[in-house]
Amino acid sequence: MSSQDLHVYNTLSRKKERFEPIHAPHVGMYVCGPTVYGDAHLGHAKSYVAFDIVLRYLRYLGYKVRYVQNITDVGHLVGDGDDGEDKISAKARLEQVDPMQIAESYTYTYFRDMDALNVLRPDISPRATGHIPEQIQMIQDLIDRNHAYESNGNVYFDVKSAPEYGKLSGRNLDEATSGTRIETASDKRHPADFALWKRADDGHLMKWSSPWGVGYPGWHIECSAMSTKYLGNEFDIHGGGLENQFPHHECEIAQSECATGHSFAKYWLHNNMVTLDGQKMGKSLGNAITLEEFYTGNHALLNRAWKPQVIRFFLLQSHYRSTTDFSEKALEAAETGYQKLISLVNSVLSVDFKSVDTSSLEAPALEHIKIDFESAMNDDFNTAQAIAALFEHLKKLKKDIQSYHYPSDFDALQKWLQQAFENILGLPLSNEASIQQDASELAKELIDILLDLRSKARLQKDFQLSDTIRDRLHELGVVLEDSHQGTRYTLPK
RNA sequence: GGCGACAUGGCCGAGUGGCUAGGCAGAGGUCUGCAAAACCUUGUACGGCGGUUCGAAUCCGCCUGUCGCCUCCA
C-alpha cells in the first residue's frame, strides 16, 4: 500500500486503517513502559525504537503529540497466577534494599540505554507508585458501576459484566478459561476475573491503605488509570509489545471502558518480538542480551561491542510487526550497510551549494525522494522500505553530483535529507566523529604523528616502512584509508 | 487443546496478481606503489500440492514446518 495519507495497522480491527486523530492536530499516545526490576534488553529496544519512530514521524507530519509511557514499579507479579510475589519486591528482598532503590536504579539504566539508542524521552513518564490514589479511584468507579467486587480484601474485575471482553485478542471467554493451566483463586466468581487490588500480608514490602484494607494495585490497572489521567478517557494510540495483547491490554480496555463509559484507545499498535535462534528473547527464558552488554560486548554470545546506532539501524531494517531475528552476522551486515548509507548522505550534505554553478541545474529531485520515503512511512511505518528508498535515491544523487549535475532544489533537498535522517529515523550522521570521540586526545595526536611519518615515507617511496606503520596500526584495530585528500582512519570498534 | 502469525535467493529483509526491492556476503572489472575505500558489471528467490486466472511467488483450499499468546515478559 502506498498512499499520501498515514495508515496504521490496528490490532482491534486487524487491518490497516487511515490514521485520523480524535482531536487533530493533537495526538495522544500511550505506550506500555518497562517493569523496572532488570536491565533493558534488545527486545525492549525493538519496542521502544518502533514507537520512537511512530512519535517522530507523527511530529514530522505536523501533529502535536503527547507521549506518555509508564514506569511499572509495583504490582507486577512473579510467576503464575495472582499469588506470585511482586517482581520489584522480590529483587529488593534478594539484594536487601528498599524496593524503591531497585525501581530507581533500573529506571535510570533504562533511560540511559534508551538515550544511547536515540530514543526520545516520553513527555510524561508516570510511575505506578505515584498514582495509587488514581488507581484506587478507578477501582472504586468499577465497583460503583457493578463491574468489580470485593472479596477478602481483594478486588476483582468481573469479566462477565463486560460483554466486549476479548475483542482485542479475539478470545472467547468460555474457551479461554476451559484450557487454562493456572490454579484459580478461590475467591473469584469467574476464573478469568483478574485482580484490581490485592490484599497485602504483614511481610509485604510495598502496600497502601485503601477502602478495602491494606494492599497494592493489580498490574493492569496502572495503565488504565495513568493513560486516562494524562490523555483523557479516549485517546488515539495505545502501543506495546505483542505479548501484552493478552491479557494485559485486553484487561486495560475492559477496565477503562467500564470505568469511564467511553471507548478507550482508538488505534492499538503492537510490535513483534526479537528472536534468537528462532526463540523469543525474554528475561524469563534466560536468552536475553541486555543493551549494556551490546554496548560493551560483554556477553558470551557476542564477539565484540556494538554501537547503539548500529543496533537502531539493524532494528529499523525490519518492520516493527515482523519478528527480528538476531545474529551477530546480521548485525555486522547492518553495520556495514549503515556506514555506507551515512557516507552516501554525507557526500550529499557536504556539497556547498552556494559555490555551485547555478547556470546548469537539473530538474528538481526532492519531491521524488520524499514521495518514496513518505509512502513507505505512511504504510504503517515501513522503515525498511523507507531506508531502501534512501539507498536508491542517494546512490543516483551521488553519481549526479560527481558529474556536476545538481538538481535545482538541492539546498532544500539537503535540509530535508538531514531532517529525515536525524529527526525521523533518529540516526546520527556523525558516525565517524562519534567513533573518534572514543579515543583520548592523546591517542589521536599519536596517530597523527604516525600518519605524518608514513606519508613522508610514502613520498620517498619507502613502502616497506609505510606498510609497517599501516600494519602495526591495523593490529591495534586502527584502519587506514588512503585517498587523494589524504589518509583517513577509523579507530577500533 | 484454543486463538493468532509467519514460511522470499548464501545471510538479513521489504513488497506485489503481469514491471529492479534494499542491505550484507560472493564473482569479475576500473582505480591504486600495494591495501582500504569508492565506482562499474553480475547471479540463483518466493515451503509442498491442488484450484481461480490470459497470467500467481502475490488470491483460495489443503498439507508440512516454524513461531507467538493462552502464566510474568517489549
Side-chain angles (χ1 to χ4, degrees), chain A residues 1-2 11 14 31-35 37-38 40-51 76-82 84-87 166 169-172 174-183 192 219 239-248 250 270-275 278-285 288 313-314 317-319 321-327 329-341 343 347 376 379 382-392 395 398-399 402 458 461-463 466-467 470-471 474 479-484 487-490:
Chain A
M1 188 192 294
S2 75
T11 309
R14 292 177 196 280
V31 172
C32 283
T35 301
Y37 71 107
H41 57 74
L42 189 59
H44 295 93
K46 168 145 177 131
S47 186
Y48 298 119
V49 165
F51 291 107
H76 211 156
L77 305 183
V78 174
D80 294 352
D82 291 324
E85 192 178 9
D86 182 279
K87 287 189 171 186
S169 55
R171 258 158 236 269
N172 173 305
D174 298 321
E175 284 175 5
T177 46
S178 65
T180 191
R181 280 180 280 147
I182 56 168
E183 291 286 323
W219 174 39
L242 192 59
E243 83 286 355
N244 277 333
Q245 187 182 333
F246 187 89
H248 184 54
E250 194 70 66
H270 289 100
N271 65 276
N272 217 313
M273 305 289 99
V274 173
T275 58
Q279 295 285 321
K280 182 176 98 168
M281 186 179 281
K283 258 180 251 186
S284 50
L285 295 164
F313 184 78
F314 168 69
Q317 276 194 305
S318 63
H319 190 90
R321 281 192 294 111
S322 303
T323 53
T324 299
D325 194 44
F326 161 76
S327 71
K329 194 179 170 188
L331 264 188
E332 220 165 287
E335 179 176 66
T336 315
Y338 176 53
Q339 275 160 2
K340 185 175 162 187
L341 190 58
S343 110
S347 69
D379 184 11
N382 194 332
T383 51
Q385 199 167 55
I387 287 170
L390 288 180
F391 263 107
E392 277 196 278
K395 270 193 292 189
K398 182 183 177 185
K399 212 181 291 179
Q402 281 175 338
R458 291 178 73 214
K461 302 218 184 277
D462 184 353
F463 296 119
S466 72
D467 287 355
R470 184 176 67 203
D471 295 344
H474 194 91
V479 180
L480 305 189
E481 295 171 15
D482 294 327
S483 74
H484 295 299
T487 302
R488 295 193 315 154
Y489 63 90
T490 51

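These numbers come from a predicted model, not from an experiment. Quick note: numbers below take in every heavy atom, side chains included, and nothing from hydrogens, waters or symmetry partners. Below, read A as the first sequence line, B as the second, and so on, with proteins coming before strands; counting in each chain starts at 1.
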> Pick the C1' atom in B:A35 and in B:C31, then give their distance to the nearest Å.
12 Å
> List the residues meeting side chain to side chain contact (heavy atoms under 4.5 Å, CB included) with A:Ala330, not counting sequence neighbours, and say none if there are none.
A:Phe314, A:Ser327
> Residues two or more places apart in sequence or in another chain: which of them pass side chain to side chain donor-acceptor pair (under 3.5 Å) with A:Asn382?
none
> So, A:Asp325 versus A:Thr275: side-chain donor-acceptor pair below 3.5 Å or not?
yes
> Does B:G4 have its OP1 or OP2 closer than 4.0 Å to a side-chain nitrogen or oxygen of A:Ser169?
no
> Within 45 degrees of the axis of the six-membered ring of A:Phe326 and under 6.0 Å from its centre: does A:Lys46 put its NZ or CZ there?
no
> Is A:Arg321 side chain donor-acceptor paired with the B:C6 base, going by distance under 3.5 Å alone?
no
> Applying ring-ring contact (aromatic ring centres under 6.0 Å, His included), can you list everything that pairs with A:His319, at least two apart in sequence or on another chain?
none
> Who are the ring-ring contact (aromatic ring centres under 6.0 Å, His included) partners of A:Phe51, not counting sequence neighbours?
none
> Rounded to whole angstrom units, what separation is found between the CG atom of A:Asp325 and the P atom of B:C6?
17 Å
> Taking donor-acceptor contacts at under 3.5 Å, does the side chain of A:Arg458 reach the base of B:G33?
yes
> On a whole-Å scale, what distance lies between the P atoms belonging to B:C63 and B:U41?
47 Å
> Who passes side chain to side chain contact (heavy atoms under 4.5 Å, CB included) against A:Gln245, sequence neighbours left out?
A:Thr11, A:Arg14, A:Leu168, A:Ser169, A:Leu242, A:His270
> Would you indicate which nucleotide in B:A74, B:G33, B:C39 comes nearest to any side-chain atom of A:Lys46?
B:A74
> Once side chain to side chain donor-acceptor pair (under 3.5 Å) is applied, do any residues pair with A:Ser318, and if so which ones, sequence neighbours excluded?
A:Thr324
> State which residues pass side chain to side chain contact (heavy atoms under 4.5 Å, CB included) with A:Ala386; sequence neighbours excluded, sorted by chain then number.
A:Phe373, A:Ala376, A:Met377
> Tell me: CG of A:Leu242 to P of B:G4, nearest whole Å?
13 Å
> Between B:G29 and B:U20, how far apart are the two C1' atoms, rounded to whole Å?
22 Å
> Under 3.5 Å, is there any donor-acceptor pair linking the side chain of A:Asn272 to the base of B:G68?
no
> Can you check the A:Leu390 CG to B:A21 C1' distance for me, whole Å?
13 Å
> Just need the stems in RNA chain B: three or more back-to-back Watson-Crick or G-U pairs, each with both distances under 3.5 angstrom, sorted by first number.
B:1-7 with B:64-70, B:10-12 with B:22-24, B:26-30 with B:38-42, B:47-51 with B:59-63
> Within the 4.0 Å limit for protein heavy atoms, which parts of nucleotides 22-29 of chain B are touched? Write it as a string from 5' to 3', B for base, S for sugar-phosphate only, - for none.
SSSS----
